[in-house]
Amino acid sequence: MSDLLQRLLAGERRALAQAITLAESTRPEHRTETERLLQSLLPDSGKAFRLGLSGPPGVGKSTFIEAFGLHLLERGHRVAVLAVDPSSQVTGGSILGDKTRMERLSRDERAFIRPSPAGRTLGGVARRTREALLLVEAAGFDLAIVETVGVGQSETAVADLVDCFCLLLPPAGGDELQGIKKGVVELCDLAVINKADGALKEAAGRAAAEYASALRLLRPASARWVPPVLQVSALEGRGLDGVWETVLKFRATLGPEGIAAKRARQAKAWLWREIEEGLTEAFRRAPPVAAALPALEAEVAAGRLGPSAAAERLLALFQGKQP
Ligand code: GDP
């Protein structure tokens with residue numbers, strides 16, 4: 001057993017950070033080492049409850065996670081927080097990568113916080129987070145929170161990583177309610193309205209009622225679980241117990257078989273995602289495709305060639321290259 005593996009299994013935070021850095025590396029020799037490491041700790045992974053948390057910027061995600069995390073440390077849990085931040089793709093900067101977030105939680109020995117890995121594609125970022133999740137579990141953390149900014153595709157990727165997907169929402173309904181896409185609501189197992197305090201308390205109550213009826217409408221009626229809408233104040237630390245109890249109730253509703261089935265579905269979805277990414281990469285790199293691609297792309301953009309005709313031609317070039 002390698003030294004790193006041994007220290008990781010002993011729950012050493014430094015070893016965990018090193019292992020994640022190794023997993024984030026794109027160098028081929030690091031990839032090989034990572035695969036070997038992940039393979040040998042498979043029996044020790046999968047033991048944490050995986051909670052996804054998504055919400056728009058400014059809703060209070062880091063305030064909530066810090067308060068919630070500290071609360072759970074007091075109850076004897078070990079909490080890891082991983083971030084999936086697709087924003088760096090668009091803006092070149094990162095919303096969730098900021099090191100000053102959750103300072104108190106990150107100083108605690110029983111917690112572990114990892115900012116989002118940099119990556120070109122959401123798929124790449126999410127894949128590394130999935131591997132980090134396995135490493136965190138092998139290091140003995142029993143609650144893993146995967147955080148993402150609600151700016152689009154990332155919710156789906158995160159929902160495919162976790163057992164329970166929680167939406168953190170601002171104390172406003174009406175127009176902003178229209179803003180949450182149906183697809184995201186369908187992923188949501190639990191909605192939490194934050195900032196239910198001071199002058200915002202009443203608005204939070206109204207928003208909770210609106211979200212509750214929206215969720216009832218949008219979720220299939222046959223579901224065993226109707227996603228509850230809770231109200232908290234992350235700032236004042238109120239309502240956190242209720243969130244944890246609801247998460248536990250959700251876990252009990254799924255049961256060990258339900259969780260295993262969900263993870264099996266997710267693993268299959270990941271398999272296909274990896275295949276699609278691998279194929280696309282191989283396709284782009286294949287010399288006949290690479291040679292023809294710029295001209296065909298330009299033809300399509302100019303409207304002189306239909307996208308499906310161009311795709312067909314490129315796929316034929318790709319397949320012709322195979323032995
Ligand atoms: P994030 O972008 O979602 O991580 O949001 P932050 O945690 O950075 O919070 C954004 C702002 O909302 C900060 O100014 C927080 O102090 C404030 N905030 C967070 N939680 C609460 C809360 O429960 N009540 C109130 N009133 N403000 C909060």
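Ligands are counted one by one from 1 in listed order, and the atoms in each one are counted from 1 as well. What you see is a predicted model, and the numbers here were worked out from it, not measured in a lab.
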*Given side chains that start at C-beta, do those of Arg7 and Gln18 come closer than 4.5 Å, heavy atoms only?*
yes
*Does the side chain of Ile193 come within less than 4.5 Å of Val232's, by heavy atoms?*
no
*Is Glu147 close to ligand 1, meaning an N/O of one under 3.5 Å from an N/O of the other?*
no
*Taking the non-hydrogen atoms of Gly198, is any one of them nearer than 4.0 angstrom to ligand 1?*
no
_Side chain to side chain, Val158 and Ser54, heavy atoms closer than 4.5 Å_ = no
*Contact atoms of ligand 1, heavy-atom distance to Asp197 under 4.0 Å*: 22 (C), 23 (O), 24 (N), 25 (C), 26 (N)
*Go through ligand 1 atom by atom and flag the ones less than 4.0 Å from a non-hydrogen atom of Lys61.*
1 (P), 2 (O), 3 (O), 4 (O), 5 (O), 7 (O)
*asked:* Suppose we screen for salt bridge (charged side-chain N to carboxylate O under 4.0 Å, His left out). Which residues come up paired with Glu109, at least two apart in sequence or across chains?
replied: Arg13
*asked:* I'd like to check whether Gly58 has a polar contact with ligand 1, where a contact means an N/O of the residue lying under 3.5 Å from an N/O of the ligand.
replied: yes
*For the residue pair Trp270 and Ala126, what are the closest heavy atoms and their distance?*
CH2-CB, 3.6 Å
_Taking side chain to side chain donor-acceptor pair (under 3.5 Å) as the cut-off, I'd like each qualifying pair that reaches into residues 305-314, sequence neighbours left out, listed once._
none
*Kindly identify the option in Ser54, Ala196, Ser62, Ala204 whose heavy atom sits closest to atom 8 (O) of ligand 1.*
Ser62
_Regarding ligand 1, does Gly60 bring an N or O atom to under 3.5 Å of one of the ligand's N or O atoms?_
yes
_Is the contact between Leu235 and ligand 1 made by the side chain, the backbone, both, or neither, using heavy atoms and a 4.0 Å cut-off?_
both
*For the pair Arg127 and Glu131, find out whether any cationic side-chain nitrogen is under 4.0 Å from an anionic carboxylate oxygen.*
no
_Any nitrogen or oxygen of Ala234, side chain or backbone, less than 3.5 Å from one on ligand 1?_
yes
